[in-house]
**Student:** 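Sharing a structure, written as structure tokens. Questions coming.
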Amino acid sequence: MAGILPPNPNDPRVIRTRQLILDAFVEQLNIMDFNTITVGDITKAATINRATFYAHFQDKYALFEAFLLDAFTNMVLNKVETKGPLSEKTLQELIVALCNYHETSHRCFKRYDSVALLLEENIKVHLGKLILQLISSAAAAADPKSLATAATLLSWSIYGVTYHWNLEGRTEPPAELAKRVMPLLTGGFPMFNPQSSFTEKN
């Protein structure tokens, strides 16, 4: 028996159904703990059957990852300059965008603690990939391990700074936070320091 073909992602009907599922999921997140939400809850809210759900998503965790990627794209990737090399301006844009991402995410979930770990891992992965792309474009001949390490350090630092900003009550505007931490972020990275180079290998 032939397997069922996956839905065409470019089909307008598929796009509408996917968005319907995502909207229903967000609706459930606003009233329930993520851990207690079932596929049945989502399909009921979306007025679709389970077969339709599983044609789009493997389970609620895959749906959550898709939701987070959409949110990250709309609130972070679309707010920063991603075409050129990494710069202080880009770093400041990332910090501001992530502050807004944290604040919105905190409001979106009824029980933020139930999704905090998944949210953290997701942001770090996407942020790390973005920063690696940006620094690689400026240091094509660099040691890949050094670039990967720098991307990890920057992405985790930016995540941690913005996470604590949100946790501590958002006591300063994101733009001011970005300016204040910039010397700490850029001081140890060669792309901001003409005296150093990523091309040096151990």
**Student:** So how far is it from E88 CD to M182 CE, rounded to the nearest 0.5 Å?
**Tutor:** 6.0 Å
**Student:** Quick check for you: to the nearest 0.5 Å, what is the distance between T52 atom OG1 and R18 atom CZ?
**Tutor:**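 Nearest 0.5 Å value for the OG1-CZ distance: 15.0 Å.
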**Student:** Which heavy atom of A97 sits nearest to which heavy atom of K79, and what is that distance?
**Tutor:** CB-CB, 4.2 Å
**Student:** Can L167 be reached from I95 by stepping across I, L, V, M, F, W or Y side chains whose heavy atoms are under 4.5 Å apart?
**Tutor:**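 Yes, one cluster joins them.
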**Student:** Does F34 offer a backbone N or O that forms a donor-acceptor pair with the side chain of K60 under 3.5 Å?
**Tutor:** yes
**Student:** Could you tell me whether a side-chain N or O of W165 sits under 3.5 Å from a main-chain N or O of E172, the two making a donor and an acceptor?
**Tutor:**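 Side chain of W165 to backbone of E172, a donor-acceptor pair under 3.5 Å: yes, one is there.
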**Student:** Minimum heavy-atom separation for I135 and A151, please, with both atom names.
**Tutor:**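 Answer, listing the atom of I135 first, then A151: CD1-N, 3.9 Å.
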**Student:** State, yes or no, whether a side-chain contact exists between N49 and T43 at a heavy-atom distance under 4.5 Å.
**Tutor:** no
**Student:** Do I131 and I158 come within less than 4.5 Å of each other through their side chains, counting heavy atoms only?
**Tutor:** yes
**Student:** Would you give the length of the straight line joining atom NZ of K179 to atom CD of Q92, rounded to the nearest 0.5 angstrom?
**Tutor:**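 Here the rounded value is 7.0 Å.
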**Student:** Which distance, rounded to the nearest 0.5 Å, do you find between the CG of L77 and the CG of D70?
**Tutor:**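 So the gap between those two atoms works out to 11.0 Å.
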**Student:** Measure the NE2-CD distance between H56 and Q19 for me, rounded to the nearest 0.5 Å.
**Tutor:**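 Reported to 0.5 Å precision, the distance equals 11.5 Å.
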**Student:** Mind running side-chain contact (heavy atoms from CB on, under 4.5 Å) on T17 and I21 for me, showing each step along the way?
**Tutor:** CA-CA 6 Å; T17 301; I21 295 171; 4.2 Å; yes
**Student:** F67 vs F64 aromatic rings, parallel, tilted or perpendicular, using cut-offs 30° and 60°?
**Tutor:** parallel
**Student:** Taking a hydrophobic cluster as the set of Ile, Leu, Val, Met, Phe, Trp and Tyr residues connected by side-chain heavy atoms closer than 4.5 Å, whether directly or through intermediates, do I42 and Y61 fall within one such cluster?
**Tutor:**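 Yes, because I42 and Y61 connect within a single hydrophobic cluster, where side-chain heavy atoms sit under 4.5 Å apart.
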**Student:** Find out if a path of hydrophobic residues (ILVMFWY) with successive side-chain heavy-atom gaps under 4.5 Å connects L63 to V125.
**Tutor:**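 As far as the 4.5 Å side-chain criterion goes, V125 and L63 are not connected within one cluster.
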**Student:** Are L154 and L86 packed together at the side-chain level, in the sense that at least one heavy-atom pair is separated by less than 4.5 angstrom?
**Tutor:** yes
**Student:** Please determine whether residues W156 and V80 belong to a single hydrophobic cluster, defined as Ile, Leu, Val, Met, Phe, Trp and Tyr linked transitively by side-chain heavy-atom distances below 4.5 Å.
**Tutor:** no
**Student:** As an exercise, state the distance from CG of L132 to CG of L127, rounded to the nearest 0.5 Å.
**Tutor:** 11.0 Å
**Student:** Is S136 reaching over with its side chain to a backbone N or O of Q133, donor-acceptor style, under 3.5 angstrom?
**Tutor:**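 Not at all, since once roles are kept as given, no pair shorter than 3.5 Å links the two residues.
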**Student:** Which residue, E121, H126, E120, forms the side-chain hydrogen bond (donor to acceptor under 3.5 Å, both in side chains) with K124?
**Tutor:**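 In the set E121, H126, E120, the residue that makes a side-chain hydrogen bond (donor to acceptor under 3.5 Å, both in side chains) with K124 is E120.
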**Student:** Check step by step if side-chain contact (heavy atoms from CB on, under 4.5 Å) holds for V39 and Y54.
**Tutor:** CA-CA 9 Å; V39 171; Y54 288 118; 3.6 Å; yes
**Student:** May I ask you to decide if L118's main-chain N or O and N122's side chain share a donor-acceptor pair within less than 3.5 Å?
**Tutor:** no
**Student:** Quick check: does any side chain N or O of D41 sit under 3.5 Å from a backbone N or O of T38, one acting as donor and the other as acceptor?
**Tutor:** yes
**Student:** List the steps and the verdict of side chain to side chain donor-acceptor pair (under 3.5 Å) for T90 and S87.
**Tutor:** CA-CA 5 Å; T90 307; S87 65; 3.0 Å; yes
**Student:** Is it true that a side-chain atom of N100 and a backbone atom of V96 form a donor plus acceptor pair closer than 3.5 Å?
**Tutor:** yes
**Student:** Keeping the roles fixed (side chain from T162, backbone from Y159), state whether a donor-acceptor pair exists under 3.5 Å.
**Tutor:**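 The answer is yes, because a donor-acceptor pair under 3.5 Å joins these two groups.
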**Student:** Are L29 and L20 connected, step by step, through hydrophobic side chains (Ile, Leu, Val, Met, Phe, Trp, Tyr) whose heavy atoms are closer than 4.5 Å?
**Tutor:**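 In one cluster with L29: L20, yes.
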